[in-house]
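First listed ligand is number 1; within each ligand, the first listed atom is number 1. Model, not experiment: these values are computed from the prediction.
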Amino acid sequence: MNVRDTEHMIAELGKHQSYETTQNMEDADLIVINTCSVREKPVAKLFSELGNYNKKKKDGAKIGVTGCTASHLGGDIIKRAPYVDFVVGARNISKISQAVEKKGTVEIDINNDETTYEFADFRQSSYRCSVNISLGCDKSCTFCIVPATRGDEISIPTEIIIKEIEKSVKNGAKEVFLLGQNVNNYGKNFSDKRDKSTFTKLLQDISKIDGLERIRFTSPHPLHMDDEFLQEFASNPKICKQIHVPLQAGNDKVLKEMRRGYTKKWFLNRCEKIRNMVPNVRISTDIIVAFPGETDEEFRDTIDVVEKVKFESIFNFKYSPRPHTPAENMPNQIEDKVATKRLQEVIDLHKSHQDEHMEKYLGTTMKVMFEDLKPNGEIFGFSDNYCQVFVTGSEELLGKIVDVKITKANRTSLKGEVVS
Ligand code: 5AD
Ligand code: SF4
């Protein structure tokens, strides 16, 4: 979502202020740092980066801080780093062009409604468009700062989403990436109080767009993976067979304390169903180790789920206490030494699964959409199920979806030959 927010800011600043992007920091008249605050590390990094930019920037260049850290620290950022010109929170991106104009601007209303704001158009990829379908989050996972930085969940009207995708398809996009904190909760709440809708219905509407060949989305919530949604995921040929199913933890008591709303049994059942219904599906997940109070024995349930589901990809995190979250004040915060050990165990187990999955693609044929040419003459793209695939080829392949026979596999990518 931050990547898309950055695209929106580039577009707005280009349209209303005629800014252009530069690869060279010393040339910049404006430096915008778009921040994440989901874990502590990026927040700490912000102030050292700010100091660094302030030292190196061109005379008179402005500096702005945007995104989730802007939402939760607000004006304190300017107190701590007075050379910062403006602060714009993650739900206030539409105000970026005005903020640049007025030194000291702080716009951090977390319930600002941008669902019908028509952002100026810009996207980094020629063949893929990322499109927000909802803002904010209506869950209250006890470890997570997002509801405090991105506000209440609100869905973008279907016709606005469709119009944006149609426009991108006209300009060459073949694939859409639908974005939201909780995509499969889509349609519960619109700002004009219209009738509710569902994510399944949205997927059906989007797949009718002529010229659009692939649909991806992130992140769904395991709780809302009802059978109707899984059926649509499995049977709609435009929906790519890649799905993120964020586990967080495997133990029921820990899940309850995290307020995730599902049990280990439900999670395993959903993944089993996905694997049974969708051949070749790739399942990714997020795992937090060492949530406050998690015992060694409870952690075994996380390992058990990893062993059973054999995720194709895992984003692993050590629990990081965040301000404005209930878990921050929970007793029994876990020592870093224990967290490191648990994290390593997940990583090691996952590596063996990655190797197993990648090897089984050898000799198979995958449909790959090529999107980037490397200086070494290799061209790469993604298969329908989101494997990174490299072939030797020319720019004629860019933007095309072609059959590739896989000849080499390593842990994170594949190599192959175009089948003519
Ligand atoms: N500590 C560690 N990881 C976190 N995440 C969210 N909040 C925290 C936290 N306090 C992780 C979750 C989420 C992903 C985007 O970031 O796994 O799914
Ligand atoms: Fe955070 Fe939970 Fe919402 Fe995801 S579902 S953004 S983890 S509160």
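With Phe317, Phe143, Phe315, Tyr319 as candidates, the residue nearest to atom 7 (N) of ligand 1 on a non-hydrogen basis is Phe143.
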- Query: What's the verdict on salt bridge (Lys or Arg N to Asp or Glu O under 4.0 Å) for Glu107 and Lys95, showing C-alpha distance, side-chain angles and the deciding distance?
  - Reply: CA-CA 8 Å; Glu107 291 282 4; Lys95 300 177 191 156; 3.2 Å; yes
- When you look at Phe311 and Phe315, which way does the ring pair (Phe, Tyr, Trp, His ring centres under 6.0 Å) test go after all the steps? CA-CA 10 Å; Phe311 300 100; Phe315 300 91; over 10 Å; no
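Proximity of Pro246 to ligand 2, defined as any heavy-atom pair under 4.0 Å, is not found for any part of the residue. Only the side chain of Gln248 comes within contact range of ligand 1, with a heavy atom under 4.0 Å; no backbone atom does. By the criterion of a heavy-atom distance under 4.0 Å, neither the backbone nor the side chain of Pro246 is placed next to ligand 1.
Ranking the protein heavy atoms by distance from atom 2 (C) of ligand 1 puts Lys318 O, 3.4 Å first. Of all protein heavy atoms, the one closest to atom 1 (N) of ligand 1 is Ser320 N, 2.9 Å. Looking from atom 15 (C) of ligand 1 to the surrounding protein, the closest heavy atom is Asp286 OD2, 3.9 Å. For atom 1 (Fe) of ligand 2, the closest non-hydrogen atom on the protein side is Cys144 SG, 2.3 Å.
Residue His221 has at least one heavy-atom neighbour below 4.0 Å for each of these atoms of ligand 2: 5 (S). Proximity to Phe143 (heavy-atom distance under 4.0 Å) selects the following atoms of ligand 2: 7 (S). Ligand 2 places these atoms under 4.0 Å from at least one heavy atom of Cys137: 3 (Fe), 5 (S), 6 (S), 8 (S). Of all atoms in ligand 1, listed by their number and element, those nearer than 4.0 Å to a heavy atom of Arg39 are 1 (N), 2 (C), 3 (N), 4 (C), 5 (N), 11 (C), 16 (O). Using a 4.0 Å cut-off to heavy atoms of Gln181, the atoms of ligand 2 that qualify are 6 (S). Listed by number with element, the atoms of ligand 1 under 4.0 Å from a non-hydrogen atom of Ile288 are 3 (N), 4 (C), 5 (N), 12 (C), 17 (O). Listed by number with element, the atoms of ligand 1 under 4.0 Å from a non-hydrogen atom of Val38 are 6 (C), 7 (N), 8 (C), 9 (C), 10 (N). Taking every non-hydrogen atom of Val146 and a distance limit under 4.0 Å, the qualifying atoms of ligand 2 come out as 6 (S). The atoms of ligand 2 that sit less than 4.0 Å from any heavy atom of Asn182 are 5 (S). For ligand 2, the atoms closer than 4.0 angstrom to any heavy atom of Lys139 are 3 (Fe), 5 (S). Atoms of ligand 2 found under 4.0 Å from any heavy atom of Pro147, numbered from 1 in the order shown, are 8 (S).
A 4.5 Å side-chain heavy-atom check between Val389 and Phe380 finds every atom pair outside the cut-off. For the pair Ile63/Tyr53, a side-chain contact is recorded, criterion being any heavy-atom separation below 4.5 Å from C-beta on. Contact check for Asp152 versus Asp138: no side-chain heavy atoms found under the 4.5 Å cut-off.
For Arg322, no nitrogen or oxygen atom sits less than 3.5 Å from a nitrogen or oxygen atom of ligand 1, counting backbone and side chain alike.
Atom 2 (Fe) of ligand 2 lies under 2.8 Å from an N, O or S atom belonging to Cys141.
With hydrogens and angles ignored, the 3.5 Å screen pairs no side-chain donor or acceptor of Lys56 with any backbone N or O of Asn54.
A side-chain contact (heavy atoms from CB on, under 4.5 Å) with Asp227 holds for exactly one of Met277, Glu232, Arg270; it is Arg270.
Side-chain contact annotation: Ser383 with Asn385, donor-acceptor N/O pair under 3.5 Å present.
Between Glu312 atom CD and Ser284 atom OG the span is 8.5 Å, to the nearest 0.5 Å.
The cationic atom of Arg80 (NZ for Lys, CZ for Arg) lies less than 6.0 Å from the six-membered ring centre of Phe47 and within 45° of the ring axis.
Not a single heavy atom of Arg259 sits closer than 4.0 Å to an atom of ligand 2.
Checked against a 6.0 Å centroid threshold, the rings of Phe199 and Phe217 count as neighbours.
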